[in-house]
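Below, all heavy atoms of this structure are taken into account, side chains as well, without hydrogens, waters or symmetry copies.
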Amino acid sequence: MLHGEDSCAAVEDGGEEDQHRPLILERIEKETGRTWRTVLSQRLRKHCSCTPEKAKSRILSFFPVLQWLPRYKLRDWILGDAMSGVIVGILLVPQSIAYSLLANQDPIYGLYTSFFASIIYALLGTSRHISVGIFGVLCLLIGQVVDRELALAGYLPESSLSGNDSSVPLAGNDSGVVGCDQSCYAIAVGATVTFTAGIYQVLMGLLQVGFVSVYLSDSLLSGFATGASLTILTSQIKYLLGLKIPRPQGWFTLFKTWYGLLSNLGNTNVCDLITSLVCLAVLIPTKELNDRFKSKLKAPIPFELFVVIIATLASHFGHFNAKYGSGVAGVIPTGFLPPQMPMWSLIPNVAVDAFSIAIVGFAITVSLSEMFAKKHGYTVDANQEMYAIGFCNILPSFFHCFTSSAALTKTLVKESTGCQTQLSGLISALLLLLVLLVIAPLFYSLQKCVLAAIIVVNLRGALRKFTDIPCMWRANHIDAFIWLITMATSALVNTELGLLVGVLVSAFCVLGRTQRVQVLELGRAMTREHYEDLASYKGLQTHPDVAIFRYEAPIYYANQNLFKKSLYRCVGLDPVKEKSRRVKFQNSKRQEEAAGVPTSNSDEKEAEAPPAVTLMMNTASRQLRRVVIDCSAVLFLDTAGVNALKEVRKDYGELGVVVELAQCNTSVLDTLERGGYYSNQKGGNAGENRTIFFTIEDAVLHVQSPSTPNGDCDKS
C-alpha cells in the first residue's frame with residue numbers, strides 16, 4: 001500500500017483515505033477433503049512401494065560404504081587413512097584394556113568391543129572422521145549395572161575375594177548361572193545391557209526419531225560428561241592405591257566411595273602407589289606436550305603404549321604380583337570366544353539402565369559426527385547414525401562385547417593424523433586383530449594401577465571444563481546453570497539421574513523464558529514505518545490516542561494470565577479493576593440519590609462511562625482510545641491464548657477502548673479463526689471484523705482515521 005510523506009498526517013480527502021487502506025493479501029486455500037484414510041494410504045504407498053530404483057537407494061543409504069568406497073581416491077587418501085588407522089589402533093590397545101577395568105570386565109572384552117565396533121561403523125556410519133569404540137562415560141554406566149547384578153546374583157564383592165573362591169555365587173542363591181564364574185557372569189550382564197541398548201537405538205531409527213538429539217544441548221551433555229568424569233576419577237583411586245573395596249551402589253556413590261577410601265587408607269599397597277605416581281608423573285606432562293605441539297607433530301606420540309610396555313616388563317621381571325600382592329590384568333586369551341546369546345531373563349532388570357545408555361551413546365555419536373561433518377563440509381544422517389551405533393551394539397553383544405559409541409579424544413587424533421574416510425577404522429581393526437591373535441597374552445603382568453592411571457590422565461579434558469565456568473556464566477547464565485545442575489546431579493547423586501535432571505531443567509528453562517516475557521510498548525521511528533521498544537531506543541514517536549504493544553512469546557495455557565497482567569500493567573489500566581471501581585461508584589450514587597442528596601453536574605458527568613480513558617504513560621498524560629497488539633513474535637496460540645485475547649478485547653471494549661491485532665502469522669490467524677475470535681467480535685460490520693493487519697502502520701491508520709481529526713504524533 002502507499003503512504004504520504006508523513007504517515008501521521010490526517011486523512012483530508014477520499015483519495016488520501018484510499019492510500020491508508022490496509023494491505024490485503026489472499027490466502028492460498030489448503031487442500032481439503034483428505035480423510036485420515038487417504039493420508040494413511042498415501043504414506044503407505046510412498047514408503048512401502050518397491051521399485052528397483054528405490055530398493056537400490058535404500059541399500060546404498062543403509063550401507064554408506066557402498067557409496068564412498070567405489071569413489072575412493074586411492075592416491076590422495078590412502079596415506080592419511082593408513083596413518084590415522086595405525087595411530088588410533090595403537091592408542092586403542094591400552095585404552096581398551098584400561099576401560100575394561102572401568103566397566104568391571106576382563107581386558108580381552110575391551111579389545112573385542114573396539115575391534116567389532118570399528119568394523120561395523122565403517123560399514124554403516126555416515127561420518128568420515130569419528131572413531132567408534134569404548135567411551136569412558138558408557139563404561140562407567142555399564143560397570144554400575146554389572147556391579148549391581150553381580151551383587152544380586154550373590155557373587156562375592158571385591159573386598160571379600162582374598163582367600164575365597166569367587167568363581168561361583170554364594171550358596172543358596174539361584175540368580176547365578178550354573179558353571180559360570182564371576183567374569184563370565186559380568187560379561188553376560190554387560191552384553192545383555194549392550195544388546196538391549198542397541199535394540200532401543202535401532203527402534204528409534206525405525207521410528208525416525210533421530211531429532212531427539214537436538215533436545216540434548218551442548219551444555220547438558222558437557223555437564224553430564226564432567227559429572228560422570230568425577231565419578232570415574234573417584235572410582236579409579238582405589239586401583240591407584242591398590243585397595244580392594246567394593247564399588248558402592250545406589251545414590252550418592254561419590255560420598256560412599258570416598259568414605260570407603262578413607263576408611264581403608266591404611267591398607268594401601270605401596271607398590272601400586274609408587275607405580276601409580278610414576279605413571280602419572282610420566283603421562284601428564286607427556287600428554288600436555290602432545291597437546292601443545294599437536295600442530296607441529298604429524299601424529300601424537302603414543303606415550304600410553306610406551307608406559308604399558310615398560311610397566312608390564314617391570315611387573316613381570318620384578319614379580320610385583322607375587323612379592324607385593326599387586327593386582328594385575330591376569331590371563332588374556334588369544335583368538336575369539338564362541339558366540340553367546342544374551343541373557344533374556346535379565347533384560348527386564350536392565351531395561352531402564354539400557355535406555356539411558358542408549359540415549360547417551362546416540363547423543364554423543366550424533367553430536368560428534370555433526371560437528372566434524374560441519375567442519376569438513378559434508379552432511380550426516382542422524383537416523384542412519386542411530387542405525388549404525390545400534391548395530392555396533394547389537395551384533396558385538398553376541399561376541400562378548402559391551403556398549404560402544406564415538407569418543408572425542410580418539411576422533412580428534414583420527415582427524416589430526418589425516419583421516420579421510422572410515423577405511424582408517426578398518427585399518428585400526430586390523431591392528432587390534434593382530435593384538436587379539438598374537439600379542440594379548442603378553443599383558444598378563446600389567447598392573448591394574450597402570451590402567452587406572454591411563455584412565456585418570458584421559459579425564460583431563462572433561463575436568464578442565466571447571467575452569468570454563470566463569471566464561472560460561474558470562475556468556476549465558478541459563479546454559480551455565482544447566483551445566484552446573486547436570487554436573488552436580490551426575491557426580492553427587494546418580495549418573496543416570498543426572499541426565500534426566502539435565503533434560504528436565506533444560507525444558508523448564510525454556511518454559512521459564514516464556515513466563516518471564518513482559519509486554520513492551522512500541523514507538524514509531526521518525527523517518528520510517530518501523531516500531532521498536534520505547535524503553536530501548538531514543539527518538540521514537542507515540543500516537544496521542546493509540547498505544548502499541550508487543551508480546552515476544554507464545555500465548556498458551558501456562559502464561560496467558562501473565563500476558564494479561566503484563567499488558568494491563570504496561571497499559572496502566574486494569575479493566576477488571578476499573579469496571580469494579582465504576583460499579584462501586586454507580587452504587588454509591590444510587591444510594592445518595594435514594595437518600596435525597598443533591599448531585600452536581602460534575603458528578604453526573606463522572607458517572608457516565610467516558611468514551612476514552614486518560615492514563616499516565618511514559619510520564620505523559622494520554623487519552624487512550626485504541627490498543628494495537630503486535631503479534632509478530634507470537635509463534636503460536638492455544639485455546640487458552642485465544643480466550644485470553646478475547647477477554648482483553650472484551651474488557652477493554654467495555655471501557656470504550658478498541659483492541660486490534662497486527663502482524664499475526666498464518667498459524668496464529670488459523671488458531672484465532674478456529675477459536676472464534678473474529679466471529680465473536682461485536683460492533684462494526686462483518687468485513688471490518690475480519691480485517692487482517694499485516695503491518696503495525698496499517699492497524700494504526702485504520703483505528704486512527706475515524707477518531708483523530710489531526711493525527712498528530714507525540715515524541716517520546
Side-chain angles (χ1 to χ4, degrees), residues 94-107 110 134 136-137 139-140 143-144 147 157-159 161-162 226-248 253-288 303-316 318-330 409 443-464 466 491 495:
Q95 290 188 10
S96 299
I97 297 174
Y99 283 110
S100 300
L101 189 70
L102 185 60
N104 201 11
Q105 305 292 344
D106 288 346
I134 290 181
V137 175
C139 290
L140 172 68
Q144 291 175 344
D147 284 344
E158 188 173 0
S159 58
L161 296 185
S162 57
T226 304
S229 298
L230 285 177
T231 306
I232 294 172
L233 174 64
T234 303
S235 69
Q236 296 307 297
I237 292 179
K238 67 176 184 178
Y239 296 108
L240 297 176
L241 301 177
L243 299 176
K244 295 182 179 179
I245 55 178
R247 181 184 296 180
T253 56
L254 192 77
F255 301 106
K256 295 176 182 178
T257 302
W258 277 106
Y259 176 78
L261 290 171
L262 296 176
S263 301
N264 293 271
L265 202 58
N267 300 325
T268 301
N269 187 302
V270 178
C271 178
D272 283 344
L273 177 60
I274 295 175
T275 304
S276 301
L277 293 175
V278 172
C279 291
L280 291 174
V282 172
L283 287 174
I284 292 177
T286 53
K287 295 283 278 188
E288 291 294 332
F303 289 108
E304 291 174 342
L305 185 62
F306 298 156
V307 168
V308 166
I309 293 173
I310 295 172
T312 303
L313 293 175
S315 176
H316 175 74
H319 305 288
F320 290 169
N321 177 247
K323 289 184 178 180
Y324 308 108
S326 181
V328 296
T409 304
F443 295 109
Y444 173 89
S445 299
L446 178 61
Q447 293 169 272
K448 290 184 178 179
C449 63
V450 177
L451 302 177
I454 293 174
I455 293 174
V456 169
V457 171
N458 283 316
L459 296 176
R460 294 172 306 118
L463 297 178
R464 278 178 181 158
F466 285 104
T495 309

In sequence, state the C-alpha distance, the side-chain angles, and the governing distance for D272 and L241, and then conclude on side chain to side chain contact (heavy atoms under 4.5 Å, CB included). CA-CA 6 Å; D272 283 344; L241 301 177; over 6 Å; no
Audit row: I454, V307, side chain to side chain contact (heavy atoms under 4.5 Å, CB included) steps and yes/no: CA-CA 9 Å; I454 293 174; V307 168; 5.5 Å; no
Given V328 and L446, is the side chain to side chain contact (heavy atoms under 4.5 Å, CB included) satisfied, shown in steps? CA-CA 5 Å; V328 296; L446 178 61; over 6 Å; no
Yes or no on side chain to side chain contact (heavy atoms under 4.5 Å, CB included) for L140 and T231, after CA distance, side-chain angles and deciding distance? CA-CA 8 Å; L140 172 68; T231 306; 3.9 Å; yes
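In this structure D147 satisfies the salt bridge (Lys or Arg N to Asp or Glu O under 4.0 Å) test together with R247, sequence neighbours excluded.
A distance of 4.0 Å separates OH in Y239 from CG in L101, rounded to the nearest 0.5 Å. The structure places CG of L463 at 11.0 Å from CG of N458, a figure rounded to the nearest 0.5 Å.
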Name the atoms and distances for all side-chain donor-acceptor pairs under 3.5 Å in residues 308-315, with sequence neighbours left out.
unit_1: T312; atom_1: OG1; unit_2: V308; atom_2: O; d: 2.6
unit_1: S315; atom_1: OG; unit_2: S445; atom_2: O; d: 2.7

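Legend: salt bridge (charged side-chain N to carboxylate O under 4.0 Å, His left out) pairs involving residues 277-287, not counting sequence neighbours, sorted by first then second residue: K287-E304.
Counted within 6.0 Å of OH on Y259, heavy atoms from surrounding residues, nucleotides or ligands total 12 or fewer; the atom is thus considered open.
Contact check for C139 versus I134: side-chain heavy atoms found under the 4.5 Å cut-off.
When all heavy atoms are compared, the tightest approach of A491 to L230 is CB-CD1, 3.8 Å.
A donor-acceptor distance shorter than 3.5 angstrom exists from the side chain of K238 to the backbone of I245, with no hydrogens or angles considered.
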